[in-house]
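When a residue number appears, it is its place in the shown sequence, counting from 1. What's counted below: heavy atoms across the whole structure, side chains too, no hydrogens, waters or symmetry copies.
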Amino acid sequence: MFRASLVRSIARPLASRRLVHVSAIRRSAEPIPTPEGTGASTDVSPKIAAIVDKVAELTLLETSQLVDALKAKFNITEAVQVVAGAGAPGGGAAAAAAPAEEKPAEKTEFKVKLEKIDAAQKAKVIREIKNLIPDMNLVAAKKFVESVPKVVKDVAPKDEAEKIKKALEALGATVVLE
């Protein structure tokens with residue numbers, strides 16, 4: 001008897017409170033207006049507008065995962081562009097002429113890219129990829145090999161890149177060092 005009355009006395013105040021998840025509040029709020037002058041075009045196709053609306057509903061974490069998935073799908077790598085002579089005021093021409101006189105430095109770091117594989121040697125290549133890439137299980141290695149061309153190692157010293165290339169080519173794969 002005492003327990004039931006205790007439970008009711010606790011449950012009543014809690015029942016009167018309305019608990020709402022944060023995502024429900026965000027979805028019910030008005031959309032954030034687009035700032036003027038951002039170059040957003042008003043005449044876009046309905047298909048694109050629907051995609052934009054769906055992306056606008058995503059959380060920050062989901063958006064980050066979407067970006068990563070798109071980069072993987074379309075094999076996009078982030079590249080840093082350096083403008084020659086940007087830091088030298090007035091000396092841009094002199095700064096641009098100086099690198100032309102120097103010998104090009106020997107490349108020490110390479111990107112190891114798996115271009116294609118021999119279908120007969122696919123299982124051996126999958127096992128080798130599993131061994132080369134840390135924290136990759138057999139299923140992930142299979143998906144990786146089936147979706148070539150893919151980057152096996154993004155930044156590898158010259159000797160390690162040559163070793164990986166030699167090991168994969170021995171198994172019937174075509175590997176490119178970039």
**Student:** Is there a continuous path of hydrophobic side-chain contacts, each under 4.5 Å between heavy atoms, that joins I117 to V176?
**Tutor:**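 No, because I117 and V176 fall into different hydrophobic clusters, even though each may have its own neighbours under 4.5 Å.
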**Student:** Return the CG to CD1 distance between D159 and I164, rounded to the nearest 0.5 Å.
**Tutor:**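 Nearest 0.5 Å value for the CG-CD1 distance: 10.0 Å.
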**Student:** Using the rule that Ile, Leu, Val, Met, Phe, Trp and Tyr join whenever any side-chain heavy atoms are under 4.5 Å apart, tell me whether V151 and F110 fall into a single cluster.
**Tutor:**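 In one cluster: no.
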**Student:** Please determine whether side chain to side chain contact (heavy atoms under 4.5 Å, CB included) holds for the pair E162 and L177, giving the CA-CA distance in whole Å, both sets of side-chain angles, and the decisive distance to 0.1 Å.
**Tutor:** CA-CA 8 Å; E162 290 290 333; L177 298 181; 3.3 Å; yes
**Student:** Report whether L138 and L114 are members of the same hydrophobic cluster (ILVMFWY, side-chain heavy atoms less than 4.5 Å apart, transitive linking).
**Tutor:**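 Shared cluster, yes.
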**Student:** Measure the shortest side-chain to side-chain distance between K71 and V67 over non-hydrogen atoms and say whether it is less than 4.5 angstrom.
**Tutor:**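 Counting from C-beta outward, K71 and V67 do come under 4.5 Å.
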**Student:** Decide yes or no for L66 and K54: does some side-chain heavy atom of the first lie under 4.5 Å from some side-chain heavy atom of the second?
**Tutor:**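 No; the side chains remain at least 4.5 Å from each other.
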**Student:** Pair K153, L132 - check side chain to side chain contact (heavy atoms under 4.5 Å, CB included), show working.
**Tutor:** CA-CA 9 Å; K153 188 134 184 163; L132 287 174; over 6 Å; no
**Student:** Do you know which two heavy atoms are closest between L171 and Q121, and how far apart they sit?
**Tutor:**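 For L171 and Q121, the tightest heavy-atom pair comes out as O-CB, 2.9 Å.
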**Student:** Distance check, rounded to the nearest 0.5 Å: L58 atom CG versus D53 atom CG?
**Tutor:**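 One gets 11.5 Å once the value is rounded to the nearest 0.5 Å.
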**Student:** Nearest 0.5 Å please: distance from the NZ atom of K122 over to the CD atom of E146.
**Tutor:**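 K122 NZ to E146 CD: 3.5 Å, rounded to 0.5 Å.
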**Student:** For K113 and P149, work out which heavy atoms get closest and say how close.
**Tutor:**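 In terms of heavy atoms, the two residues are closest at CE-CB, 3.9 Å.
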**Student:** Looking at F144 and V152, what are the two nearest heavy atoms and their distance?
**Tutor:**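 That would be CZ-CA, 3.9 Å.
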**Student:** How close do A167 and E128 get, heavy atom to heavy atom, and via which atoms?
**Tutor:**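 Scanning both residues, the minimum pair turns out to be CB-OE2, 4.0 Å.
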**Student:** Hey, what do you get for CD1 (I51) to NZ (K47), rounding to the nearest 0.5 Å?
**Tutor:**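 Spacing of CD1 (I51) from NZ (K47) equals 6.5 Å.
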**Student:** Where do I76 and L70 come nearest, in terms of heavy atoms and distance?
**Tutor:**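 Minimum heavy-atom contact is CD1-O, 4.4 Å.
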**Student:** Working to the nearest 0.5 angstrom, can you tell me the gap between L60 CG and Q65 CD?
**Tutor:**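 Here the interatomic distance stands at 10.5 Å.
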**Student:** If you round to the nearest 0.5 Å, how far is CG of L168 from NZ of K166?
**Tutor:**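 Output value for this atom pair is 12.5 Å.
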